[in-house]
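This is a predicted model, so every value here is computed, not measured.
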Amino acid sequence: MTQAVRAMQAGGPEVLEFSEVETPRPGPGEVLVDVEAAGVNFIDTYRRSGVYPMDYPHVVGVEGTGHIAEVGEGVESYQVGDRVAWHEGPGSYATQVVVATDNLLTVPEGVSAEVAAAMPLQGLTAQYLATTSHAIKPGDTALVHAGAGGVGLVLTQIIKHLGGNVISTVSTEEKAELARQAGADEVFLYGPDVDVAATVRSLTDGEGVEVAYDGVGKDTFDASLASIKPLGSMVLFGGASGQVPPFDIQRLNSSGGIFLSRPSLVWMVATPEALAKRWAMVSSGVEKGWLDFRIGETFPLAEAAEAHRALEGRKTTGKVVLRA
């Protein structure tokens, strides 16, 4: 038997149950992994709550790291004992999980379990945001919301590595310092009394930014749109505050011919070649020391509900990780 965290029905963190389930078996092209650590992500909360339709009960989580315990039929590129990570392994909040070999990633030498669990989703997301959703050019200025969050800190480092500038929004002075340490050029606190667009324009001589990277969603979308210079990019990649309601697409025209995208990692790593290329930049950044992954909080697997509360309550910085 395997210990796992299941969402028993759609709802809040209270629907998560830690219990024993039957150990899964790897099929052709799959491996069984002894999980060291699992990453906690907003997609887990969307699936738990029913924002993304799922079957219930289901074992939560998609990201993690560990050592291969068993290989399925036809698997030749991996063997028992190999240390791997993954961005897409449904059921990762468990002591053992089955992962398709197409989704496996090689962990750089010397990386801790917590960091290895943090790298796939946030690293790959930040990589595609800065290189594909809006390819940062030297001198570009980007607005990064939730700049002290897991994606925000990594995205800031990648933008700076590519020669861009970063204006970061955060909710506390503590988070502001973390955003600055990651390389943000300007940081300010946002809230109900803060005019985000006016602040951004004051920091850019009235011009606005080339791109706004917005993973907060409902609470920041309008401000993000108003912060972008003509022919700039609005990249909405999440909804931590809720999903953006339908809006009149003509607003993109009146805002300056803004390019709007709503990307998702699944489309950006649709082939093994694309996944390998994006992971190469992330893992190289870690190995060479210009890319750092901050681990905010670590919880035991049995306390997954508390981890979800912390993430959804915006009480965390960096990455939230479960230790199996």
Side-chain angles (χ1 to χ4, degrees), residues 7 10 24 26-31 33 35 38-56 58-66 84-94 97-107 116-136 145-146 149-152 154-155 158 211 213-217 221 233-240 242-244 259-283 293 308 311 319-321:
E30 297 177 334
V31 298
V33 183
V35 179
V40 179
N41 300 284
F42 274 104
I43 191 172
D44 306 337
T45 69
Y46 300 157
R47 290 174 171 173
R48 181 214 71 218
S49 65
V51 171
Y52 290 177
M54 294 289 292
D55 292 330
Y56 299 92
H58 70 269
V59 179
V60 186
V62 295
E63 175 188 42
T65 188
V84 292
W86 56 91
H87 73 288
E88 181 59 28
S92 290
Y93 286 15
V97 64
V98 166
V99 184
T101 56
D102 283 350
N103 293 331
L104 292 179
L105 303 163
T106 300
V107 179
M119 287 173 63
L121 268 172
Q122 291 181 346
L124 292 167
T125 297
Q127 197 277 345
Y128 84 67
L129 289 173
T131 63
T132 303
S133 293
H134 175 94
I136 293 292
H145 285 298
V151 172
V154 179
L155 178 57
I158 293 178
V211 56
Y213 294 110
D214 192 335
V216 177
F221 180 81
S233 299
M234 171 72 208
V235 183
L236 178 70
F237 65 96
Q243 302 304 306
V244 175
F259 293 87
L260 170 66
S261 62
R262 177 55 176 96
S264 204
L265 179 60
V266 63
W267 308 116
M268 299 294 182
V269 293
T271 66
E273 294 76 18
L275 176 60
K277 182 178 180 180
R278 297 193 187 283
W279 183 248
M281 181 179 182
V282 175
S283 57
F293 285 80
H308 277 214
L311 185 68
K319 184 74 172 188
V320 179
V321 173

Participant: Can you see which heavy atom on Pro24 is nearest to which on Val98, and at what distance?
Facilitator: CB-CG2, 3.6 Å
Participant: Indicate the atoms forming the closest heavy-atom contact of Val59 with Ala94, along with that distance.
Facilitator: CG1-CB, 4.4 Å
Participant: How long is the span from the OG atom in Ser264 to the OH atom in Tyr128, to the nearest 0.5 Å?
Facilitator: 5.5 Å
Participant: Only counting residues at least two apart or in another chain, list the ones meeting side-chain hydrogen bond (donor to acceptor under 3.5 Å, both in side chains) with Thr106.
Facilitator: none
Participant: Are any side-chain N or O atoms of Tyr213 and backbone N or O atoms of Ala126, one a donor and one an acceptor, separated by less than 3.5 Å?
Facilitator: no
Participant: Just so I know, are the side chains of Arg262 and Val244 near enough to count as touching, which here means a heavy-atom distance under 4.5 Å?
Facilitator: no
Participant: What is the distance from atom OH of Tyr52 to atom CG of Asp44, rounded to the nearest 0.5 Å?
Facilitator: 11.0 Å
Participant: What are the two closest heavy atoms between Val216 and Ala146, and how far apart are they?
Facilitator: CG2-CB, 4.1 Å
Participant: Any side-chain to backbone donor/acceptor pair from Thr132 onto Leu129? Under 3.5 Å, distance only.
Facilitator: no
Participant: In Å, rounded to the nearest 0.5 Å, how long is the span from CG of Leu121 to CD1 of Ile43?
Facilitator: 7.0 Å
Participant: Please give me the minimum heavy-atom distance between Ala85 and Ala116, naming the atom from each residue.
Facilitator: CB-O, 3.8 Å
Participant: Got a second to check how far Thr131's OG1 is from Ile158's CD1, nearest 0.5 Å?
Facilitator: 8.0 Å
Participant: Once ring-ring contact (aromatic ring centres under 6.0 Å, His included) is applied, do any residues pair with Phe259, and if so which ones, sequence neighbours excluded?
Facilitator: none
Participant: Where the side chain of Arg278 meets the backbone of Met268, is there a donor-acceptor pair that is under 3.5 Å apart?
Facilitator: yes
Participant: Verify side chain to side chain contact (heavy atoms under 4.5 Å, CB included) between Leu124 and Leu275, making sure each step is shown before the conclusion.
Facilitator: CA-CA 8 Å; Leu124 292 167; Leu275 176 60; 3.8 Å; yes
Participant: Are the side chain of Asn103 and the backbone N or O of Trp86 linked by a donor-acceptor pair below 3.5 Å?
Facilitator: no
Participant: Nearest 0.5 angstrom please: Glu88 CD to Leu105 CG, how far?
Facilitator: 11.5 Å
Participant: My understanding is that only residues two or more places apart in sequence, or in another chain, count here; which of them pass salt bridge (Lys or Arg N to Asp or Glu O under 4.0 Å) with Glu30?
Facilitator: none
Participant: Partners of His87 by side-chain hydrogen bond (donor to acceptor under 3.5 Å, both in side chains), sequence neighbours excluded?
Facilitator: none
Participant: Kindly compute the distance separating NE2 (His145) from CG (Asp214), expressed to the nearest 0.5 Å.
Facilitator: 4.5 Å
Participant: May I have the step-by-step check of side chain to side chain contact (heavy atoms under 4.5 Å, CB included) for Arg47 and Val60, ending in yes or no?
Facilitator: CA-CA 8 Å; Arg47 290 174 171 173; Val60 186; over 6 Å; no
Participant: If I compare all heavy atoms of Pro90 with all of Val97, which pair ends up nearest, and what's the gap?
Facilitator: O-CG2, 3.6 Å
Participant: Suppose we screen for side-chain hydrogen bond (donor to acceptor under 3.5 Å, both in side chains). Which residues come up paired with Glu63, at least two apart in sequence or across chains?
Facilitator: Asn41, Lys319
Participant: With a 3.5 Å distance limit and no angle check, can you tell me whether Ser261 reaches the backbone of Val235 through a side-chain donor-acceptor pair?
Facilitator: no
Participant: Side-chain contact test, heavy atoms from C-beta onward, threshold under 4.5 Å: evaluate it for Trp279 versus Met119 and give yes or no.
Facilitator: yes
Participant: Suppose we screen for ring-ring contact (aromatic ring centres under 6.0 Å, His included). Which residues come up paired with Phe221, at least two apart in sequence or across chains?
Facilitator: Phe247
Participant: Does Val211 reach the side chain of Ile136, with side-chain heavy atoms less than 4.5 Å apart?
Facilitator: yes
